[in-house]
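Naming: A, B, ... by sequence-line order, numbering from 1 per chain.
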Protein chains: 2
Amino acid sequence: MLSQTEENYLKAIYSIGLSKPKSVNTTLIAKKMETKPSSVTDMIQKLAEKEFIHYEKYKGVSLTQQGKKIAVEIIRKHRLWEVFLVNKLHFNWDEVHEIAEQLEHIKSDALISKLEEFLDFPKHDPHGDPIPDENGNIAHHKKIMLSSVETNTHCIVIGVKDSSSSFLKFLDSNNIQLGSTLKVISKEEFDNSMLIENNNISISISNQISKNLFVKNL
Amino acid sequence: MLSQTEENYLKAIYSIGLSKPKSVNTTLIAKKMETKPSSVTDMIQKLAEKEFIHYEKYKGVSLTQQGKKIAVEIIRKHRLWEVFLVNKLHFNWDEVHEIAEQLEHIKSDALISKLEEFLDFPKHDPHGDPIPDENGNIAHHKKIMLSSVETNTHCIVIGVKDSSSSFLKFLDSNNIQLGSTLKVISKEEFDNSMLIENNNISISISNQISKNLFVKNL
DNA sequence: TAATAAGTTTAGATTAGTCTAAACTTTTGT
DNA sequence: ACAAAAGTTTAGACTAATCTAAACTTATTA
Ligand SMILES: [Mn+2]
Ligand SMILES: [Mn+2]
Ligand SMILES: [Mn+2]
Ligand SMILES: [Mn+2]
């Protein structure tokens, strides 16, 4: 049975791998895990030994089939628990990540399958990220950033890229949620900020923000 | 912050202390924790150092105020999670202990208070054990064993002493739940077995069983 | 009450996860 | 192309939790 730490490393390697198609290296893992590169080296040697990752000295790592399976299972659990925390316990979407970070390590297949049923087989977590099914399949629908939406077009918010509490609180304070319909009023060429309309209220949004909001066309 | 292991030790010391009013000694803790006495000695020295227990070499241990507070908090979390698993996820009462053993270590005060509210402030876990309130107060109502109920008397099942899966499954197979009304038909002096009636069906019950069922008078 | 048994602690290892400092390899930029 | 910078690994140390074997203390009982 894997330790929590090992599970967290596999998850970190998986998620770095998604955004960085080049090799997942020691420094990136260290940053993600908030630890030192030397600690990472120790751990990846152990994980390679156990055949959860491919590893060649100085060349970075990638997940094996086994390793990927486990990473996705942890992500599935993490996201289901986040749905529970928001939908059932009424946590705000910026408060759930830390707790899910712990809950994702509870070991019980029966628990997660009953939880999924209790939640009515949700397809997305509270930040719009897809929930893998019990076989590890993830529905990756392609993500359009709000920043690339044409002027005078309507769109619906379907996810956030950055789930930091500060970003989510900013969205809350502007009444932007998953499902909100936004209209792009104008774009400022100088700094790529944009003026958008939400609930008949116009808001000015920096490029920093609009790059972190995923939308779909209405 | 306490480790899971430290929390489990404090809980074990607390629960041994309830049944054994004499000193809680190394061997008993080792048995409960399924570990060796030498490991227990190491741990109790650490817990004494941190002032969670009183400890005198060769004389056993007892919880300090701080230690007791933590033990009760863990028990509160354990029992609330058990209620969640049975009432919301529809686990059977014999399946929840192991999972709650993990869930009880999740660190989040907000989580447990929202969970408690979600469950509608339950007073008892699925085995009839009282759930401590957020201040650590436990309602210990005195427990009558079925074995000591008079012949021809009705009573209601309010708890089980032994929550082992095998005992709970036995009760299931005889349709005995918390809240079941039982009538004592007769007692056998020879082996202290008794004949009882449940849902108009009579069942013969060994003393082993009747000593592990808590009831209240109807 | 003194020998034996039972229970407890210590000494010395082991494994997991982490760290710093030093050594080593790869990449980058003249 | 080669020196400096950046990145990675190793060596050695530390803490937490566990173990076995040996030493020690307390309880039992003849
Ligand atoms: Mn999350
Ligand atoms: Mn985690
Ligand atoms: Mn339990
Ligand atoms: Mn536990």
Query raised in the report: Can you list the residues that meet the side-chain contact (heavy atoms from CB on, under 4.5 Å) rule with B:S113, with sequence neighbours excluded?
Result: none
Report task. Quick one: list whatever passes side-chain contact (heavy atoms from CB on, under 4.5 Å) with A:D162, sequence neighbours left out. Result -> A:S164, A:F167, A:N212
Query raised in the report: If you look at every strand shown and take non-hydrogen atoms under 4.0 Å, does A:T41 touch a base, only sugar-phosphate, or nothing?
Result: base
Report summary line: Sequence neighbours excluded, the answer for side chain to side chain donor-acceptor pair (under 3.5 Å) partners of B:E101 is B:K11, B:H97
Between [atom2] of [N] and [atom1] of [X], the distance in whole Å:
X: B:E34; N: D:dC19; atom1: CD; atom2: P; value: 11 Å
X: B:M43; N: C:dT9; atom1: CE; atom2: C1'; value: 16 Å
X: B:D42; N: C:dA11; atom1: CG; atom2: P; value: 11 Å
X: B:E6; N: D:dT15; atom1: CD; atom2: P; value: 15 Å
X: B:L47; N: D:dT18; atom1: CG; atom2: P; value: 11 Å
X: A:K36; N: C:dC19; atom1: NZ; atom2: P; value: 6 Å
X: B:K50; N: D:dA16; atom1: NZ; atom2: P; value: 7 Å
X: A:E56; N: D:dT9; atom1: CD; atom2: P; value: 11 Å

Query raised in the report: Is there any side chain to side chain donor-acceptor pair (under 3.5 Å) pair reaching into residues 55-65 of chain B, and which pairs are they, with sequence neighbours excluded?
Result: none
Report summary line: Tested for salt bridge (Lys or Arg N to Asp or Glu O under 4.0 Å) against B:E7, the lone hit among B:K107, B:K77, B:K69 is B:K107
Would you tabulate the pairs of protein nitrogen or oxygen atoms and nucleotide nitrogen or oxygen atoms of nucleotides 21-26 of chain D closer than 3.5 angstrom?
unit_1 : atom_1 : unit_2 : atom_2 : d
D:dT25 : O4'    : B:Y58  : OH     : 3.4

Query raised in the report: Taking the side chain of A:I44 as heavy atoms from C-beta outward, which of D:dT9, C:dC19, D:dT20 is closest to it?
Result: D:dT9
On the nucleotide [N], are OP1 or OP2 found under 4.0 Å from the side-chain N or O atoms that [X] carries?
X: B:S39; N: D:dT18; answer: no
X: B:T35; N: D:dC19; answer: yes
X: A:Y9; N: C:dA16; answer: no
X: A:Q45; N: D:dT10; answer: yes

Requested in this report: Would you mind listing every salt bridge (Lys or Arg N to Asp or Glu O under 4.0 Å) that reaches into residues 124-146 of chain A, with sequence neighbours excluded?
Outcome: A:R79-A:D125
Requested in this report: Classify the side-chain pair A:E117/B:H90 by whether it contains a donor and acceptor separated by less than 3.5 Å.
Outcome: no
